Amino acid sequence: MQVFIYHTPELTPVHTLPDCAVVIDVLRATTTIATALNAGAEAVQTFSDLKTLMQVSDTWQPAKRLRAGERGGAKVEGCDLGNSPLDCTPDLMKGRRLFISTTNGTRALQRVEESPIVITAAMINRQAAVNYLLDKQPDTVWIVGSGWEGGYSLEDTACAGAIADALQEQSGQMAIGNDEVIASIALYRQWQNDLLGMFHSCSHGQRLLRLHCQEDLKYCANIDSLDVLPIQKEPSIL
Ligand code: 3SL
């Protein structure tokens, strides 16, 4: 298994795809997706634009759907939810489809959605992603961070490093595809005992703190707390 890490969707190669893509948006899209599925959502359908989300979700029975929209960290007017994983309770999610559009995470998913296998990961389900990769042994794996509007995000790269670090330790045969893998592992090791401190330091964590999302940051820092793995069933549906 050869692992490549790309800090943002914009930095991923354009004329090729991996056997397996792992999309990460720790704060907060892929944390929310894992939480929604763990809480019993029937599926999560992702959209890069809100207009399409509204059109497609309109074709579903209102009782069987939830619409989640986030821009700039805040909930989009007209949606049922923003992008807080804490809103994804079993009461709300059970048997419903979550239609979601976020600033960066859903765009990152779209970038690699044609890969034969697409999974999503965050700190909360890091080990579930590692177990899947160790079991399936895809030849090439891209771990893609969502970043923020084209720029690098500390927390996504640290999560990519957390996955690569565990793969290296637990498989003993992971090949390093690019220098970003080495850098990401070093970054994760620097913060592994204080993930919440990292979220308080990074720019998107600070943006979320200004929006009073302290509890979200604590939840997102709970490494390996959920044994659930979102796997793409068809493009944009997990
Ligand atoms: O950028 C994204 O996709 C979101 O996860 C951002 S936020 O955490 O909901 O603000």
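First listed ligand is number 1; within each ligand, the first listed atom is number 1. From a predicted model like this one, the values you see are computed outputs, not experimental measurements. Note that the numbering runs from 1 along the sequence shown for the chain.
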task = For the residue pair Ser48 and Gln110, confirm or rule out a side-chain donor-acceptor distance under 3.5 Å.
result = yes

Side-chain donor-acceptor pair present, Arg65, Ser57, cut-off under 3.5 Å = no

query = Does a side-chain heavy-atom distance below 4.5 Å link Glu10 with Arg107?
reply = yes

For residues 217-225, which side-chain N or O atoms pair as donor and acceptor with protein atoms under 3.5 Å away, sequence neighbours left out?
from	atom 1	to	atom 2	distance (Å)
Lys218	NZ	Glu215	OE2	3.2
Tyr219	OH	Thr35	OG1	2.8
Asp224	OD1	Arg126	NE	3.1
Asp224	OD1	Gln127	N	3.0
Asp224	OD2	Arg126	NH2	3.0
Ser225	OG	Asn222	O	2.8

Atom-level proximity to ligand 1, residues with heavy atom under 4.0 Å = Asp25, Leu27, Arg28, Ala29, Glu70, Gly73, Asn83, Thr102, Thr103, Asn104, Gly105, Trp148, His204, Leu208

key: Stepwise side chain to side chain donor-acceptor pair (under 3.5 Å) test for Ser84 and Asp216   = CA-CA 7 Å; Ser84 172; Asp216 285 46; 2.8 Å; yes

query = Hey, are Asp91 and Arg96 close enough for a salt bridge, meaning a charged N less than 4.0 Å from a carboxylate O?
reply = no

